[in-house]
Amino acid sequence: MSGLQLSQDKLIAVYRSMRMIRRFEERVMEEMATGDIPGNTHLYAGEEASAVGICLHLREDDYISSTHRGHGHSIAKGVDIDSMMAELFGRATGTCGGKGGSQHIADLRKGMLGANGIVAAGAPITCGAALSAKLLGTGQVAVAFAGDGAMNEGVMSESFNLAKIWNLPIVFAIEDNGFGEATANEHVSAGSFTRRAESYDIPSIEVDGIDVFKVYEAAGQAVERARNGGGPTMLHIHVPRYYGHYSGDPDNYRTPEEKAAMRQDRDCLSIFRKHVKEVSLLDGAELDAVDQTVEAEIDRAVAAARAAPFPPLSALTTDVYVKYL
C-alpha cells in the first residue's frame, strides 16, 4: 500500500487527525447529554479514514464541501477545533459566529465550503468551485463529500453530468455507511453506485473505508487525475457509522451484536495501529503519546467554548439576505 511509504512524521499526522476526529465526536456526544450544545449533531465516528485519506492529498487552497455529518471533513481539512467546538456551543468565537451550529460549519480560509443539512446540496456547490479553479487555471481540486442517500437525489445526477461535460477538477467522495438515516441502503438504492458514475463516463473506484491506506491510494489517483486536467472521479467508500443518525437517534434498527462487531472489527484506528506496528514504522508508545495530546487539546477546546461569549443581540440581523431597517 502506497500510504505505508509515508514518512514517520506524516504517519503520525495521519493518526493524529483520525484520533482527533474520533475524540472530538465522542466528546460532543458526551457534551450533548449536558444540554449545553443546542440542536442536533450527526457524528462522523467510525468514518475517519475516509476524510483523512482523501484530504492528505489536498492543498490548503483546494476545496471541499460537506454534509450534515461534517465535523470529520472539517478537521481533516485543517479547520481549527477550538472554533468548531465554539460553533457547536453557539458561541461568538465559532467558525460562523455561533449562528450556524453543527450542520453549517464552514471556513473558506481552509477551503471548507461548508457543511450542509440538505442531502446532496454540496455537490453542485463544489462543481461551481471546481469550475472557478478550471477557468482561473489555479490547479485547485474540489472534493464533494456525500453520503449514500445523496446518490438517490436528482441533484447528484445533475452534478455528475455537469462535472463530466465541463471536465471539472472534482472528486465525488460517496461515504456509504449502509443507512440513509434509519433505512438500510439495500431497501432504497438499486444497482451499483460505481456503475451509475460510469454511465456518465466518470471513472469510479470502490474502497474499503476502514483502511486509511486504501483510501489514500484511491484518492491519490482521483486527485491526480483532477489536478492534471483529467476530469472527475467518483470514490465509493464503505464506512461504518458508530452512532445513530443523529444525537437523539435510539438506533434500534441495528442489533447490539451488529454494533459491537462493527466497533470490534471495523475500527480504522485499530487497523492503522496494527499496520504501522507490523512493519515497525511506529510503536505503541508513540501512538499513545498522540492520544494523550489529542485528549488535552479536546479538553482545552471544550473549556474555551464554555467560557466564550454568546453572539450579541446585534448579530441577529447580520449575515442574512433580508435588509432590516
Side-chain angles (χ1 to χ4, degrees), residues 42 44 47 50-51 53-55 58 62-70 72-74 76-77 103-106 111-134 141-207 209 215 218-219 221-223 225-226 230-239 241 245-246:
H42 302 75
Y44 194 72
E47 306 183 16
S50 175
I54 292 170
C55 289
L58 301 183
D62 286 332
Y63 300 109
I64 68 168
S65 69
S66 186
T67 68
H68 51 273
R69 202 175 307 284
H73 305 138
S74 301
K77 193 60 172 68
Q103 293 187 63
H104 301 98
I105 289 174
M112 171 42 171
L113 300 174
N116 203 310
I118 301 172
V119 176
I125 294 171
T126 317
C127 283
L131 178 61
S132 74
K134 180 180 178 179
V141 169
V143 177
F145 286 99
D148 45 283
M151 288 295 287
N152 296 326
E153 295 289 336
V155 70
M156 183 60 74
S157 295
E158 293 170 346
S159 297
F160 283 167
N161 190 60
L162 276 179
K164 182 60 184 181
I165 61 175
W166 290 345
N167 197 45
L168 297 180
I170 188 170
V171 178
F172 297 97
I174 308 302
E175 296 175 323
D176 184 354
N177 59 40
F179 289 88
E181 298 193 3
T183 304
N185 192 21
E186 62 198 65
H187 297 307
V188 293
S189 295
S192 160
F193 288 172
T194 55
R195 288 201 298 272
R196 290 192 201 181
E198 289 164 0
S199 72
Y200 290 92
D201 200 22
I202 293 176
S204 61
I205 307 171
E206 197 157 7
V207 188
V215 177
Q221 299 174 42
V223 171
R225 179 182 294 118
T233 304
M234 190 199 80
L235 304 177
H236 181 191
I237 307 166
H238 295 276
V239 290
R241 188 186 78 197
H245 171 61
Y246 65 101

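No hydrogens or angles considered: nothing links the side chains of E181 and Y246 as a donor-acceptor pair under 3.5 Å. Under the 3.5 Å distance criterion, with hydrogens and angles disregarded, no donor-acceptor pair is assigned to the side chains of T194 and E206.
Taking CD1 from I202 and CE from M234, the interatomic distance works out to 8.5 Å, rounded to the nearest 0.5 Å. Atom CD1 of I64 sits about 5.0 Å away from atom SG of C55, to the nearest 0.5 Å. I237 CD1 to S50 OG: the interatomic distance, rounded to the nearest 0.5 Å, is 3.5 Å. With rounding to the nearest 0.5 Å, the separation of CG in D176 from CD1 in I174 is 9.0 Å. Between the OG atom of S192 and the NE2 atom of H236 there is a distance of 7.5 Å, given to the nearest 0.5 Å. Taken from CZ in R69 to CZ in R241, the straight-line distance is 5.0 Å, to the nearest 0.5 Å.
When all heavy atoms of A129 and L113 are compared, the pair lying nearest together is CB-CD1, 3.8 Å. The two residues P232 and R225 have their closest heavy-atom pair at O-CD, 4.2 Å. Counting all heavy atoms, side chain and backbone alike, A222 lies closest to L235 at CB-CD2, 4.2 Å. Looking at every heavy atom in both residues, V155 comes nearest to A120 through CG1-CB, 3.4 Å. Residues S66 and H73 approach most closely at OG-ND1, 2.6 Å, considering heavy atoms. Q103 and G117 get closest at one heavy-atom pair: OE1-CA, 3.2 Å.
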Checklist line | Verdict with supporting geometry, I125 and Y63, side-chain contact (heavy atoms from CB on, under 4.5 Å) | finding: CA-CA 10 Å; I125 294 171; Y63 300 109; over 6 Å; no
Next item on the list: Could you walk me through whether Y200 and S157 pass side-chain contact (heavy atoms from CB on, under 4.5 Å), step by step?
Entry: CA-CA 9 Å; Y200 290 92; S157 295; 3.2 Å; yes
Item checked: Stepwise side-chain contact (heavy atoms from CB on, under 4.5 Å) test for H238 and V207 -> CA-CA 6 Å; H238 295 276; V207 188; over 6 Å; no
Checklist line | Derivation of the side-chain contact (heavy atoms from CB on, under 4.5 Å) call for V141 and I170 | finding: CA-CA 6 Å; V141 169; I170 188 170; over 6 Å; no
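At least one side-chain heavy atom of L131 sits less than 4.5 Å from a side-chain heavy atom of W166. Using a 4.5 Å heavy-atom threshold, the side chains of V171 and I54 count as separate. Side-chain contact between L58 and V143: present, with at least one pair of heavy atoms (C-beta onward) separated by less than 4.5 Å.
Looking only at distances, a side-chain donor or acceptor of Y44 sits under 3.5 Å from a matching main-chain atom of A51. Not one N or O on the side chain of K77 forms a donor-acceptor pair closer than 3.5 Å with the backbone of S65.
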Donor-acceptor pairs are to be reported for all side-chain atoms of residues 144-152 against protein atoms at under 3.5 Å, with residues two or more places apart or in another chain.
residue, atom, partner, partner atom, Å
D148, OD1, N177, N, 3.2
N152, OD1, R196, NH1, 3.0
N152, OD1, R196, NH2, 3.3
N152, ND2, V188, O, 3.3
N152, ND2, S189, OG, 3.0

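Annotation: I118, atom CD1; neighbour count of heavy atoms from other residues, nucleotides and ligands within 6.0 Å does not exceed 12.
Ring pair H68/H245: centre-to-centre distance below 6.0 Å.
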